[in-house]
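Single-structure report; data block below.
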Amino acid sequence: MIQRLLALLVKTPGMKIPGVFLCLLFSLGSLADCGHPTGALLKVKRVSDGDTLKLEDGRSVRVLGINAPEIARGQKPAQPLGREAHSAAQAFIQRAGGRVRLGFERARADHYGRLLAHVYDSQGRSLAADLLQRGMVLQIAVPPNAAQSQCLLAFEQRAQAQALGVWRNRYWNAYPVKSLSARDSGFRHLRGRVARVDVNSSVWIEFEGNLVARIAKRDWAQFGYRKQDWLALKGQWLDVRGWVRVREVRQTGKARSFKPLIVQLRSPAAMQVSASR
């Protein structure tokens with residue numbers, strides 16, 4: 001009964017679930033997991049990392065709603081808690097007997113050919129919710145697959161309140177933008193003061209330091225900001241999360257220099273005005 005009610009609320013466009021109601025639901029454990037699976041149970045061949053699975057039929061699954069710290073690959077070192085997140089995902093799959101069901105949203109595959117899906121055990125427990133409440137991953141929402149963002153965020157907030165996992169690690173817990181350098185590319189959770197905002201074909205939020213955040217015009221509706229709202233961010237402290245990349249800038253002869261690092265923000269879940277430094 002409660003699981004069906006929560007699934008209905010999460011799927012209803014524009015529905016905002018009161019925080020008190022969420023807390024009551026989440027206290028009921030497995031009944032509170034977000035959404036619900038569809039289809040047959042599928043056998044998992046291996047857990048590639050904290051947010052990626054390989055199925056027995058050869059398909060890869062990128063778990064929706066979360067991003068896990070990276071494990072070591074080749075010459076690229078692991079991020080803090082990468083091994084722990086991998087182990088936590090493996091433990092979930094083992095408890096599930098090596099079989100999972102998938103739940104899809106609007107986009108069913110990424111540009112690597114991986115399935116984009118929510119992952120559940122046979123009882124409807126969510127892998128993303130499990131890892132979030134343990135502090136092993138961070139919540140993300142990438143349109144058009146953002147139906148569960150508010151539900152999953154509540155699991156993250158529980159772990160954050162208890163300082164679990166990533167929330168007690170300086171690398172992940174609002175790392176200062178001013179300390180970023182080119183070697184710090186990849187998914188990050190950051191905090192910095194806004195030095196400049198430009199609104200043209202995109203919104204450009206320049207931080208004190210080496211980083212600029214970009215919000216493409218296609219995503220403006222997700223945020224609900226007017227031009228004056230964007231401009232009012234100047235001087236504010238922001239928490240942002242996303243994939244930091246070294247910026248490729250063509251030389252135009254202009255005197256103004258550009259920030260060498262960039263992060264793309266796709267949804268409101270990726271940006272929050274911070275009350276503290």
Side-chain angles (χ1 to χ4, degrees), residues 3-17 22 32-39 42 48-53 55 59-68 89 100-120 124 126-132 137-157 186-189 199-205 213-227 229-230 238-245 262-272:
Q3 191 174 29
R4 291 197 298 272
L5 176 59
L6 180 60
L8 177 63
L9 288 171
V10 170
K11 285 188 169 186
T12 303
M15 175 65 74
K16 293 185 179 180
I17 307 173
L22 277 174
D33 283 7
C34 304
H36 61 87
T38 57
L42 302 171
S48 302
D49 55 31
D51 54 35
T52 313
L53 310 176
L55 300 178
R59 294 179 296 173
S60 293
V61 179
R62 176 61 169 84
V63 183
L64 286 174
I66 59 173
N67 193 76
V100 298
R101 286 191 173 96
L102 304 181
F104 294 96
E105 294 194 33
R106 291 176 60 187
R108 296 172 66 98
D110 65 10
H111 59 284
Y112 298 111
R114 301 176 299 184
L115 296 177
L116 297 173
H118 299 283
V119 175
Y120 305 88
S126 162
L127 171 58
D130 182 83
L131 296 178
L132 283 165
V137 296
L138 287 101
Q139 184 261 344
I140 59 169
V142 179
N145 295 338
Q148 293 191 19
S149 61
Q150 290 300 313
C151 182
L152 291 174
L153 180 61
F155 284 97
E156 177 183 91
Q157 289 172 340
F187 190 86
R188 303 298 300 265
H189 175 214
V199 181
N200 40 62
S201 57
S202 296
V203 173
W204 300 92
I205 301 174
R214 176 178 181 258
I215 301 93
K217 199 167 190 176
R218 63 178 179 177
D219 294 322
W220 288 2
Q222 300 281 337
F223 291 81
Y225 275 39
R226 298 166 297 175
K227 181 175 181 179
D229 297 324
W230 292 115
L238 294 185
D239 279 16
V240 296
R241 61 179 70 182
W243 285 268
V244 176
R245 298 183 291 105
I262 186 170
V263 61
Q264 184 91 4
L265 306 182
R266 297 294 314 277
S267 78
M271 184 185 82
Q272 181 179 0

Using modelled atom types and a 3.5 Å cut-off, is there a donor and acceptor pairing between side-chain atoms of S149 and backbone atoms of A141? no
Residues forming a side chain to side chain donor-acceptor pair (under 3.5 Å) with W230, sequence neighbours excluded: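 Result, side chain to side chain donor-acceptor pair (under 3.5 Å) vs W230: none returned.
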Going by side chain to side chain donor-acceptor pair (under 3.5 Å), name the residues that satisfy it together with R214, two or more places apart in sequence or in a different chain. S202, Q264
Does D51 have any salt bridge (Lys or Arg N to Asp or Glu O under 4.0 Å) partners at least two apart in sequence or in another chain, and if so, which?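 Per chain and number, D51 pairs via salt bridge (Lys or Arg N to Asp or Glu O under 4.0 Å) with R62.
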Once salt bridge (Lys or Arg N to Asp or Glu O under 4.0 Å) is applied, do any residues pair with R226, and if so which ones, sequence neighbours excluded?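 Partners of R226 under the salt bridge (Lys or Arg N to Asp or Glu O under 4.0 Å) test: D229.
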Are [X] and [Y] close enough that some pair of their side-chain heavy atoms sits under 4.5 Å apart?
X	Y	result
E105	L64	yes
N145	R106	yes
I215	Y225	no

Distance from [X] atom [atom1] to [Y] atom [atom2], nearest 0.5 Å?
X	Y	atom1	atom2	result
L53	S60	CG	OG	8.5 Å
I66	L131	CD1	CG	5.0 Å
N67	D49	CG	CG	9.0 Å
R188	L138	CZ	CG	11.0 Å
H118	L127	NE2	CG	11.5 Å

Looking at every non-hydrogen atom in both residues, tell me the closest pair between [X] and [Y] and how far apart they are.
X	Y	answer
L265	A213	CD1-CB, 3.8 Å
L55	L42	CD1-CD1, 4.0 Å
D33	G124	CB-O, 3.7 Å
L152	A129	CD2-N, 4.0 Å
K217	S201	CB-O, 3.5 Å
A269	Q139	CB-OE1, 3.9 Å

Mind checking side chain to side chain contact (heavy atoms under 4.5 Å, CB included) for K227 and listing every partner two or more places apart, or none if nothing turns up? V199, L231
Show the numbers, then the answer: is there a side chain to side chain contact (heavy atoms under 4.5 Å, CB included) between F155 and C34? CA-CA 10 Å; F155 284 97; C34 304; 3.8 Å; yes
Might you work through the side chain to side chain contact (heavy atoms under 4.5 Å, CB included) test for T52 and V61, ending with a clear yes or no? CA-CA 6 Å; T52 313; V61 179; over 6 Å; no
Under the salt bridge (charged side-chain N to carboxylate O under 4.0 Å, His left out) rule, what pairs show up with a residue in residues 137-156, not counting sequence neighbours?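 Qualifying pairs: E156-R241.
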